[in-house]
Amino acid sequence: MSAQFASDGSMVNALSIDVEDYFQVSAFSEHIPRHTWDTVPCRVEANMERILALLAEHNVRATFFTLGWIAERYPGLIRSIVDAGHELASHGYEHARASEQGYGQFLADIRLAKAVLEDISGRPVRGYRAPSFSIGPSNPWAFDCIAEAEYHYSSSVYPIRHDHYGAPDSPRFAHEVRPGLLEVPVTTVRALRSNWPAGGGGYFRLLPYLVSRWSIRRVNSVDNESAIFYFHPWELDPDQPRVDGPGRKARFRHYLNLKHMDSRLRRLLTDFRWDRVDRVFLNGVE
Ligand SMILES: [Zn+2]
């Protein structure tokens, strides 16, 4: 069991943000190739300012799984994250899915990201999250790479059924996947003999907020486990430029209910206790 409690006895959950820009998401990768990223207007810095202000307002610390590519271009942003007491973690260097790389390529990407983030922040980086939760039964070797790159935990599996990712038969809660390497799967709720997403993503914007609240409460009270939730800076940016090319489904998922995200997050921050992933799942060690 992985549950962290506050001094008043309430359960503490882990809040995480995947720091990437709107044009770096996997669903758009064919339409905005990596070599053109430097020519696209960036919005991550302004969106991150809003997130940092929102967290400060609610006195919440979180974990930021950040791309090495972003860190190199916005070192000031990295310093703002750590100066505010948040945990800096890695989302890889250039948002390449683990499932689309070989062993050596994947290892090089996650090592480079760790080195860049540690260099800029001056802090050890212990957590890693694979882009698009791209670790599952077909590529368990990815955990060998993550251990070899000397990360202490990963949060790279979403144990749900999904057309682009997901490993529905993987364990739902934190477990040791390699000696000294913990996997903290994004939170799911068990209902109707299936796992349902309860830790963020498009569903948080698609379904009414009360569904998310019910799900996280259920994980806390019935499973007796701390939850881990994630969102992206671009989800708080209804005015982001629209990307031409992706199919209807990809656009629906990306642009749905962006204008409600701010108020939903405020409710989420008020209804639950939140902290950094390392404090909730690595036995409070900093
Ligand atoms: Zn991502």
Side-chain angles (χ1 to χ4, degrees), residues 14-34 36-37 40 42-45 47-48 51 62-74 77-78 81 86-101 105-106 109-110 112-114 116-117 125 127-136 139 142 145-146 149 151 153-160 162-167 183-187 197 199-205 228-237 240 243 246 249-251 253-256 258 261 265 277:
L15 185 66
S16 63
I17 294 96
D18 291 358
V19 183
E20 64 200 37
D21 218 329
Y22 66 97
F23 54 84
Q24 296 173 316
V25 300
S26 299
F28 294 170
S29 60
E30 281 174 30
H31 309 281
I32 305 184
R34 266 183 204 98
T36 66
W37 283 359
V40 181
C42 283
R43 299 178 67 92
V44 70
E45 210 176 12
N47 292 330
M48 279 289 297
I51 291 173
T63 293
F64 290 81
F65 292 99
T66 306
L67 289 183
W69 190 96
I70 294 282
E72 276 182 341
R73 280 152 185 86
Y74 303 102
L77 173 61
I78 301 307
I81 291 172
H86 301 295
E87 180 191 10
L88 182 70
S90 161
H91 196 33
Y93 183 78
E94 55 171 18
H95 213 262
R97 287 178 183 172
S99 50
E100 289 170 1
Q101 298 179 85
Q105 201 185 3
F106 178 63
D109 178 273
I110 64 176
L112 176 60
K114 191 171 192 283
V116 166
L117 293 165
V125 164
Y128 169 74
R129 171 170 290 152
S132 305
F133 305 105
S134 51
I135 302 181
N139 58 349
C145 293
I146 300 169
Y151 288 97
Y153 75 88
S154 151
S155 176
S156 302
V157 176
Y158 210 159
I160 52 164
H162 187 283
D163 52 355
H164 290 166
Y165 53 77
E183 167 61 31
V184 186
V186 175
T187 295
Y203 294 89
F204 184 67
R205 286 180 281 123
I228 174 167
F229 186 92
Y230 83 102
F231 64 97
H232 302 95
W234 54 261
E235 289 186 272
L236 281 151
D237 183 8
Q240 64 192 270
V243 174
K249 196 155 127 190
R251 274 185 286 128
R253 279 182 180 158
H254 189 93
Y255 298 119
L256 179 75
L258 295 176
M261 190 66 182
L265 273 180
V277 178

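All figures in this text were calculated on a predicted structure; none of them were measured in a lab. One-based numbering, in listed order, for ligands and for the atoms of each.
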* To do: Look at the side chain of Gln24 and the backbone N and O of His95, then say whether any donor-acceptor pair between them is shorter than 3.5 Å.
  => no
* Does Glu20 bring an N, O or S atom to under 2.8 Å of the Zn ion (ligand 1)? -> yes
* Asked: Once the angle between the rings of Tyr230 and His232 is folded into 0 to 90°, is it parallel (under 30°), tilted (30 to 60°) or perpendicular (over 60°)?
  -> perpendicular
* To do: Mark yes or no for whether Glu45, through its side chain, and Tyr74, through its backbone, hold a donor-acceptor pair below 3.5 Å.
  => no
* If you have a sec, read the angle at the Zn ion (ligand 1) from His95 atom NE2 over to His91 atom NE2, to 10 degrees. => 100°
* Asked: Quick check: does His232 put an N/O/S atom under 2.8 Å from the Zn ion (ligand 1)?
  -> no
* Asked: Which of parallel (below 30°), tilted (30 to 60°) and perpendicular (above 60°) describes Tyr151 and Tyr128?
  -> tilted
